[in-house]
Amino acid sequence: MPVAELLPAFPDAWRAATRHPFLMAVRDGTVDPAQFDTWLTQDALFVADLLRFQARLLGRAPRAAQAVLAAGCVALVDELAWFEEQAAHRGLDLHTAPLPATAAYGELLERLDRADVPTALIALWTIERTYLDAWSAALPGAPAYREFVEHWTVPGFAGYVTGLEAAADAAGGDGAGVFAEVVAAEIAFWDTAVEAGR
Ligand code: HMH
């Protein structure tokens with residue numbers, strides 16, 4: 001089954017992950033800056049974990065998936081630099097400990113190293129598609145947060161997500177289980193930013 005059909009198969013979880021109160025507050029400008037800063041520092045840790053996962057996946061991916069995965073690795077390296085700039089700008093220390101949801105998401109990525117390639121590709125597509133839809137729901141974003149909203153809604157990012165979808169569909173595989181697991185990890189990640197920032 002094409003991975004796009006997973007979205008309507010899990011409507012409640014998908015909605016919770018992509019219409020989260022955190023993102024609605026980013027859109028409206030009412031997000032608590034401490035919550036936003038918590039999300040930012042934790043997401044920088046997540047992206048470092050994601051780069052490790054994706055680089056290893058590239059090493060065992062089918063020939064047809066190499067280009068999109070390699071481009072994604074380069075983009076994640078740039079993204080780490082972008083996070084460092086954003087953190088410096090906001091006076092944040094990125095050398096913080098992972099909160100439980102961040103650590104759990106990192107452990108999920110490590111487990112996916114041992115999953116078969118089709119499952120890992122579906123997981124990666126889910127990770128990025130969730131972010132695309134979540135930040136798109138925050139458009140245009142309050143002025144103070146617009147740069148972040150734009151970062152994950154630019155056409156280049158949407159095109160990347162489409163490329164990952166094609167790679168996942170070409171690999172085949174049964175994605176319902178891993179899709180549900182990744183979406184749950186995304187919901188927990190937003191929840192944690194809200195709770196820990198309080
Ligand atoms: C939690 N999910 C999370 N953070 C991200 N940066 C992405 C997905 C997209 O890369």
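We count ligands from 1, going down the list as the structure has it; atoms in each ligand are counted the same way. These figures come from a predicted structure and were not determined experimentally.
- Partners of Glu128 according to the side-chain hydrogen bond (donor to acceptor under 3.5 Å, both in side chains) rule, which considers only residues two or more places apart in sequence or in another chain, do not exist here.
- We find that Glu110 and Arg56 are not joined by a salt bridge, their nearest charged nitrogen and carboxylate oxygen being 4.0 Å or further apart.
- Two residues are said to be in side-chain contact when any heavy atoms from C-beta on lie closer than 4.5 Å; Ile122 and Leu6 meet this criterion.
- Under the ring pair (Phe, Tyr, Trp, His ring centres under 6.0 Å) test applied with Trp39, the options Trp135, Phe46, Phe189, Tyr145 reduce to a single match, Trp135.
- Looking only at atom types and distance, the side chain of Thr130 has no donor-acceptor partner in the side chain of Glu186 under 3.5 Å away.
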Are any protein N/O atoms closer than 3.5 Å to the N/O atoms of ligand 1? If there are, list each pair with names and the distance to one decimal place.
from	atom 1	to	atom 2	distance (Å)
ligand 1	2 (N)	Glu186	OE1	3.3
ligand 1	2 (N)	Glu186	OE2	2.6
ligand 1	4 (N)	Asp43	OD1	2.6
ligand 1	4 (N)	Asp43	OD2	3.4
ligand 1	4 (N)	Tyr131	OH	3.3
ligand 1	6 (N)	Asp43	OD2	2.9
ligand 1	10 (O)	Glu128	OE1	2.9
ligand 1	10 (O)	Glu128	OE2	3.4

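- Here the closest heavy-atom approach between residue Ala48 and residue Leu80 is recorded as N-CD2, 3.9 Å.
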